Asks: 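Right, I'll just put the structure down here and ask away after.
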Amino acid sequence: MTSLSPLLKQATPVVVDHASGSWIHATDGREYLDFTTGIGVTSTGHCHPRVVEAAREQTGRIIHAQYTTVMHKPLLELTDKLGAVLPSSLDSVFYANSGSEAVEAAIRLARMATGRPNIVVFQGGFHGRTVAAASLTTAGTRFSAGFAPLMSGVHMAPFPYAFRYGWDEDAAVEFALRELDYLLVSRVAPNDTAAFLIEPVLGDGGYLPTPPAFLEGLRERADRHGIKLILDEVQAGCGRTGRFWGHQFSSVVPDILVTAKGIASGFPISAIAAPVALMSKGWPGSQGGTYGGNAVAAAAGCATLDVIRDEELVENARLRGDQLADGLRVLQHKHPVIGNIRGLGLMQGLEFVTAAGDPDAATTTAVQQATTRHELLTLTCGPAGNVLRLIPALVVTEHEIDLGLERLALALADATND
Ligand code: PMP
């Protein structure tokens with residue numbers, strides 16, 4: 001008998017039988033409240049009936065056509081629906097399967113359009129696990145160690161991580177923009193730079209919202225130097241932050257937007273959006289892959305965007321996110337090991353620190369494991385592994401947030417000495 005890779009075996013004690021909304025029903029009969037939702041993928045909750053039905057119906061019509069050869073209806077409809085939520089200047093969309101692929105397509109497009117090699121990324125950013133996407137990732141050495149050489153032309157600038165520096169947000173933004181300017185005169189010539197690549201909220205890098213003033217500073221520098229601003233909305237997009245796109249907390253409009261995860265409630269599809277004049281500088285046949293823009297995934301994407309609109313899930317993310325953040329602050333009073341709580345909407349992180357203020361990964365892991373014992377699924381993140389992240393489905397109810405907070409309180413009591 002063949003077994004799973006030993007690496008997969010250690011991953012989790014939970015084996016799913018079926019799932020619905022915010023709930024995972026395990027094969028051993030236990031019922032878990034899911035505050036991970038596949039890292040924000042199942043935006044409309046597990047197995048939303050409209051998403052399930054759309055996929056079922058599409059499967060009987062056509063499962064797949066290579067959309068660069070034969071176009072199909074779900075992709076045209078998805079493009080229209082995305083057009084309704086994208087900034088109006090981003091009027092052209094290209095599809096792939098995963099976030100990593102879409103990030104790579106965005107990088108190619110920026111390089112092809114500018115004829116420049118360099119990409120500036122920001123410390124703690126996560127952009128995927130394929131070799132080029134991992135080369136752009138600085139959310140932890142575990143994502144890039146051991147398979148060098150990485151893609152060249154990637155340069156890292158600081159992120160305004162106010163809590164870690166012990167500064168207020170304005171000071172952190174000023175510092176990070178100054179350091180970026182210094183990078184652009186000392187090492188990475190603007191005329192050789194194709195793109196700035198950043199997430200609106202650092203995801204795997206620690207659930208840190210990018211301050212609006214920092215995004216605005218990047219936009220200003222990008223305009224000044226003809227550099228493309230790429231926003232990776234893979235984790236923060238599709239309503240999760242309480243706005244449709246995470247960057248909409250600022251006035252900034254990107255040149256290229258990358259989306260995946262929540263766009264199709266768990267079906268694999270991703271997209272990049274850009275102004276048509278920019279997109280036409282790319283070469284579609286050189287990007288994407290066999291399954292890009294798959295018909296069933298696109299139909300699920302259409303249903304997902306309809307559900308987000310019809311059930312007012314962006315508003316729900318904002319309201320339930322506020323409820324969650326309020327509850328977390330109460331827990332923080334009881335547990336000084338929680339040094340910082342931050343996030344936007346249903347994307348909340350708790351940073352654990354020692355009495356000396358250093359990252360406390362051991363407690364974070366202990367709390368995460370204790371939540372599983374209390375039937376609440378959570379995840380850790382951050383380069384130092386000391387952030388617990390909570391990512392409920394966008395359909396989460398008031399009662400489920402209260403229940404999640406109760407279970408988290410039990411886990412904190414188990415796993416900390418506070
Ligand atoms: N960008 C961001 C911001 C992500 O969070 C992720 C996945 N965690 C990716 C890119 C990569 O997406 P995928 O795993 O679908 O390749």
Side-chain angles (χ1 to χ4, degrees), residues 8 11 35-43 94-110 119 121-140 142-144 150-151 154 156 159 195-210 215 229-241 245-247 254 256-273 287-294 297-298 300-301 304 343-349 378-383 385 387 389-391:
L8 281 178
F35 277 14
T36 69
T37 52
I39 319 189
V41 170
T42 46
S43 46
F94 174 84
Y95 292 98
N97 302 126
S98 66
S100 304
E101 272 183 291
V103 165
E104 294 204 11
I107 295 301
R108 276 188 197 218
L109 179 60
I119 312 292
V121 297
F122 297 87
Q123 190 165 30
F126 182 90
H127 302 289
R129 290 181 173 81
T130 53
V131 175
S135 307
L136 299 158
T137 290
T138 54
R142 64 189 178 283
F143 298 116
S144 54
L150 300 173
M151 177 175 74
V154 181
M156 187 182 75
F159 180 88
F196 297 145
L197 170 65
I198 191 162
E199 295 159 89
V201 181
L202 296 197
D204 290 65
Y207 270 38
L208 285 158
T210 302
L215 275 187
L229 176 60
I230 306 174
L231 287 183
D232 179 344
E233 291 266 6
V234 169
Q235 197 160 152
C238 298
R240 177 139 302 279
T241 60
W245 302 111
H247 74 271
I256 305 175
L257 181 148
V258 182
T259 179
K261 289 192 191 281
I263 188 180
S265 300
F267 284 83
I269 188 165
S270 60
I272 67 171
Q287 320 218 19
T290 303
Y291 299 105
N294 170 268
T304 297
L344 294 172
L346 289 172
M347 194 172 183
Q348 296 286 333
T378 60
L379 284 168
T380 60
C381 64
V387 179
R389 54 178 155 171
L390 305 175
I391 329 168

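In each ligand, atom 1 is the first atom listed, and ligand 1 is the first ligand listed. Note that the numbering runs from 1 along the sequence shown for the chain. Not measured: the values here are computed from a predicted model.
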Asks: Taking only residues two or more places apart in sequence, or in another chain, which ones meet Ser43 in a side chain to side chain donor-acceptor pair (under 3.5 Å)?
Replies: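 Listed in chain order: nothing, the list is empty.
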Asks: Report the distance from atom CD1 of Ile198 to atom NE2 of His127, rounding to the nearest 0.5 Å.
Replies: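 Those atoms lie 7.5 Å apart.
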Asks: Could you state the interatomic distance from OG1 (Thr259) to CD1 (Ile272), rounded to the nearest 0.5 Å?
Replies: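 Reported value, rounded in 0.5 Å steps: 11.5 Å.
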Asks: Can you measure from OG1 (Thr37) to CZ (Arg240) and round to the nearest 0.5 angstrom?
Replies: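 One gets 4.5 Å once the value is rounded to the nearest 0.5 Å.
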Asks: For residues Leu202 and Phe122, determine if any side-chain heavy atom of one lies less than 4.5 Å from a side-chain heavy atom of the other.
Replies: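 Leu202 vs Phe122: side chains apart.
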Asks: With rounding to the nearest 0.5 angstrom, report the CG to CD distance, Leu136 to Glu104.
Replies: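 These two atoms lie 7.5 Å from each other.
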Asks: Quick one, list the residues around ligand 1 where some non-hydrogen atom comes in under 4.0 Å, by chain and residue number.
Replies: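 Around ligand 1, where the cutoff is 4.0 Å for heavy atoms, the contacting residues are Ser98, Gly99, Ser100, Phe126, His127, Gly128, Glu199, Asp204, Asp232, Val234, Gln235, Lys261.
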